[in-house]
2 protein chains.
Amino acid sequence: MNVEDCIFFQLAKAGLAGARYWNEQVAALGLTASQAMVLNALRDEDGVSVHRLGDRLRVTGATMTGLLDRLEAMDLIQRKPHLQDRRAIEIFLTPAGRAASEATSALAIAANRTFLADYSLEEQTALRGLLKRLAQTEHQTDDPGGTGPGARKGDL
Amino acid sequence: MNVEDCIFFQLAKAGLAGARYWNEQVAALGLTASQAMVLNALRDEDGVSVHRLGDRLRVTGATMTGLLDRLEAMDLIQRKPHLQDRRAIEIFLTPAGRAASEATSALAIAANRTFLADYSLEEQTALRGLLKRLAQTEHQTDDPGGTGPGARKGDL
DNA sequence: CGCTAATTGTTAGCACGCAAGTATTTTGTA
DNA sequence: TACAAAATACTTGCGTGCTAACAATTAGCG
């Protein structure tokens, strides 16, 4: 089997191609693709915990910490301690962050349209459905008594 | 527009989900997903240059250097200087690397089948075609005389 | 021949994304 | 109340991918 025909290869490359395009779009705002996604998520729902934000963006808490560190350094978000639960923090958009989130939201709509311009409506619908199913794929590691070594990292 | 409906988000997450699964499969061989793909590529075509290998795997030379460093440290590949062109090197599988490439190749076939087991043949065909088109997408950065700042990195 | 292009691989620095481990705090239970 | 368990965020270390800059070599052209 050729490398190019491996579904994991094709999935990874399609994902990276999309990330490259999205990166170019938000670079004008001084943002990376992931940072723009964080702002987009915060635009919908402000004052959330790190955990909740990571759930929406499907990344671990460790990744969130780094993303939030950079966004905070840019003065786009602010960490506030949670009043009831002293373990938790609440993440808020600053005024500049609010403006940036509006910009990225508009960019996202335009970029989606442009990126998919060459695809028919049927293809777009099929693609969305397939990607959703693929992203939710959870091939559980059947671990019958053994001490699982844990999954590796890597993107491809 | 919700973050979850952004095509770049969906593409990235589907790619990562596939990478996670593929990573689990090759972890038993002590390999990462990307390393296994390098071995798969070398199984088809040995004694190639870094540049050619990067072209097949769609990664830059800098990324190839790191991958080859680790594979060489594991004694799975070997760098040999090119006799005619002293800039270039040739990459060869060691005997252990050859064996590993056979194993990863078999794993790739099985993993592809398992991963796509829940999808109909029509869906698989459609998915392959769409991913291929997406991966080859090249929205050229129209750069009319300006000094382009260059694209950012980031995966999502 | 001699100078400039272009090519080849590497290095350095950054941004993700993950697992594993830590510190703090909250919660559940005896 | 006291103690174990869970939750929350952070830190560390690694692998991958990118751009940019670099040294070495080759190719092209006057």
Side-chain angles (χ1 to χ4, degrees), chain A residues 12-13 15-17 19-20 22-24 26-27 30-38 48-55 57-74 79-91 148-156, chain B residues 12-13 15-17 19-20 22-24 26-27 30-38 48-55 57-74 79-91 141 147-156:
Chain A
K13 292 313 165 186
L16 287 176
R20 267 190 290 270
W22 179 231
N23 251 314
E24 290 175 12
V26 296
L31 296 171
T32 66
S34 304
Q35 290 164 6
M37 287 301 182
V38 174
V48 293
S49 69
V50 174
H51 188 75
R52 162 126 188 88
L53 204 49
D55 274 357
L57 297 170
R58 309 271 183 178
V59 293
T60 63
T63 300
M64 282 309 308
T65 297
L67 284 168
L68 294 176
D69 283 347
R70 290 169 204 109
L71 288 172
E72 195 172 31
M74 290 187 242
R79 285 173 164 110
K80 291 186 182 177
H82 194 288
L83 298 182
Q84 276 72 39
D85 190 340
R86 287 196 293 178
R87 297 170 298 180
I89 65 173
E90 290 176 326
I91 305 161
R152 280 299 207 316
K153 43 265 137 187
D155 249 6
L156 192 30
Chain B
K13 291 314 164 186
L16 286 176
R20 265 190 291 270
W22 178 231
N23 251 315
E24 289 175 12
V26 296
L31 296 170
T32 66
S34 304
Q35 291 164 4
M37 287 301 182
V38 175
V48 293
S49 69
V50 173
H51 188 75
R52 163 127 188 86
L53 205 49
D55 274 357
L57 296 170
R58 310 271 185 180
V59 293
T60 63
T63 300
M64 281 308 309
T65 297
L67 283 168
L68 294 176
D69 283 348
R70 290 173 201 105
L71 289 172
E72 195 172 31
M74 289 188 245
R79 286 173 164 109
K80 292 186 182 177
H82 194 288
L83 298 181
Q84 275 72 40
D85 190 339
R86 287 195 293 176
R87 297 169 298 180
I89 64 174
E90 289 176 326
I91 305 160
T141 61
T147 60
R152 280 302 206 317
K153 41 268 138 186
D155 247 7
L156 189 32

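Nothing here was measured: the structure is a model prediction, and the numbers come from that model. Naming: A, B, ... by sequence-line order, numbering from 1 per chain.
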**Q** Now, which nucleotide makes the Watson-Crick or G-U wobble pair with dT26(D), with each of the two distances under 3.5 Å?
**A**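 Checking every strand shown, dT26(D) finds no partner, since no pair has both distances under 3.5 Å.
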**Q** Please report the interatomic distance CD(Glu72(B)) to CG(Leu67(B)), rounded to the nearest 0.5 Å.
**A**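 CG of Leu67(B) is found 12.5 Å from CD of Glu72(B).
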**Q** Expressed as a whole number of angstroms, how long is the span from His51(A):NE2 to dC10(D):C1'?
**A**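 Checked: the NE2 to C1' distance equals 15 Å.
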**Q** Whole angstroms only, please: what is the CG-P distance between Asp69(B) and dC14(D)?
**A**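 Computing the Asp69(B):CG to dC14(D):P distance gives 15 Å.
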**Q** Just verifying a value: how many Å separate Asp55(B) CG and Ser49(B) OG, rounded to the nearest 0.5 Å?
**A**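 One gets 8.0 Å once the value is rounded to the nearest 0.5 Å.
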**Q** Reckon Arg70(A) has a side-chain N or O less than 4.0 Å from the OP1 or OP2 of dC14(C)?
**A**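 So the side chain of Arg70(A) is outside the cut-off, no N or O lying under 4.0 Å from OP1 or OP2 of dC14(C).
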**Q** Could you check dA5(C) for me: syn (within 90° of 0) or anti?
**A**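 Syn, which is what one calls it when the glycosidic angle falls within 90° of 0.
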**Q** Taking the nucleotide of DNA chain C with the closest heavy atom to each, which residue, Gly61(B) or Leu67(A), is nearer the 5' end?
**A**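 Taking each residue's closest nucleotide, the earlier one in sequence belongs to Gly61(B).
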**Q** Before you tell me yes or no, could you show the steps for Asp69(B) and Arg79(B) under side-chain contact (heavy atoms from CB on, under 4.5 Å), namely the whole-Å CA-CA distance, both residues' side-chain angles and the distance that decides it to 0.1 Å?
**A** CA-CA 10 Å; Asp69(B) 283 348; Arg79(B) 286 173 164 109; 3.0 Å; yes
**Q** What is the distance, rounded to the nearest whole Å, between atom CG of Leu68(A) and atom P of dT8(D)?
**A**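 Roughly 15 Å, once rounded to whole Å.
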**Q** So, is Thr63(A) near the phosphate of dC16(C), with a side-chain N or O under 4.0 Å from OP1 or OP2?
**A**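 No, because none of the side-chain N or O atoms of Thr63(A) sits under 4.0 Å from OP1 or OP2 of dC16(C).
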**Q** Respond yes when some side-chain nitrogen or oxygen of Thr65(A) is under 4.0 Å from OP1 or OP2 of dA9(D), and no when none is.
**A**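 Looking at the OP1 and OP2 atoms of dA9(D), neither is under 4.0 Å from any side-chain N or O of Thr65(A).
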**Q** What distance do Leu71(B) atom CG and Thr32(B) atom OG1 have between them, rounded to the nearest 0.5 Å?
**A**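 Result: 7.5 Å between the selected atoms.
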**Q** Starting at atom CG of Leu16(A), determine the distance to atom P of dA15(C), rounded to an integer number of angstrom.
**A**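 Interatomic distance, CG of Leu16(A) to P of dA15(C): 18 Å.
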**Q** I need the Arg20(A) CZ to Lys13(A) NZ distance, nearest 0.5 Å.
**A**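 Here the interatomic distance stands at 7.0 Å.
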**Q** Applying salt bridge (charged side-chain N to carboxylate O under 4.0 Å, His left out), name anything that partners Arg87(B), two or more places apart in sequence or on another chain.
**A**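 Partners of Arg87(B) by the salt bridge (charged side-chain N to carboxylate O under 4.0 Å, His left out) criterion, ordered by chain and then number, come out as Asp85(B).
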**Q** Give Arg79(A) one of three labels, base, sugar-phosphate or nothing, depending on what nucleic acid heavy atoms sit under 4.0 Å from its own.
**A**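 Touches sugar-phosphate only.
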**Q** Ala62(A) near the nucleic acid: base, sugar-phosphate alone, or nothing, with a heavy-atom cut-off under 4.0 Å?
**A**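 Since a base atom lies under 4.0 Å of Ala62(A), the category is base.
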**Q** Within the pair Thr32(A) and dA15(C), is there a side-chain N or O less than 4.0 Å away from OP1 or OP2?
**A**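 Answer is no, no contact under 4.0 Å.
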**Q** Rounded to whole Å, how long is the line connecting atom CD of Gln35(A) with atom P of dA15(C)?
**A**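 Going from Gln35(A) (CD) to dA15(C) (P), I get 7 Å.
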**Q** Can you tell me how far P of dC14(D) sits from CG of Leu31(B), to the nearest Å?
**A**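 One finds 18 Å between P of dC14(D) and CG of Leu31(B), rounded.
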**Q** Step by step, work out the side-chain contact (heavy atoms from CB on, under 4.5 Å) result for Met64(A) and Leu57(A).
**A** CA-CA 9 Å; Met64(A) 282 309 308; Leu57(A) 297 170; 4.2 Å; yes
**Q** Please tabulate the protein-to-nucleotide N/O contacts below 3.5 Å involving nucleotides 23-28 of chain C, giving atom names and distances.
**A**
| residue | atom | partner | partner atom | Å |
| --- | --- | --- | --- | --- |
| dT26(C) | OP1 | Arg86(A) | N | 3.2 |

**Q** So which nucleotide from dT16(D), dT10(C), dC18(C) ends up closest to the side chain of Val50(B)?
**A**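 Given the options dT16(D), dT10(C), dC18(C), the side chain of Val50(B) is closest to dT10(C).
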**Q** I need the CE-C1' distance between Met64(A) and dT11(D), as an integer number of Å.
**A**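 Computing the Met64(A):CE to dT11(D):C1' distance gives 16 Å.
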**Q** What distance do Leu53(A) atom CG and Leu68(A) atom CG have between them, rounded to the nearest 0.5 Å?
**A**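 Here the interatomic distance stands at 6.5 Å.
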**Q** To the nearest Å, give me how far apart NE2 (His82(B)) and P (dA24(D)) are.
**A**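 After rounding, the reported distance stands at 20 Å.
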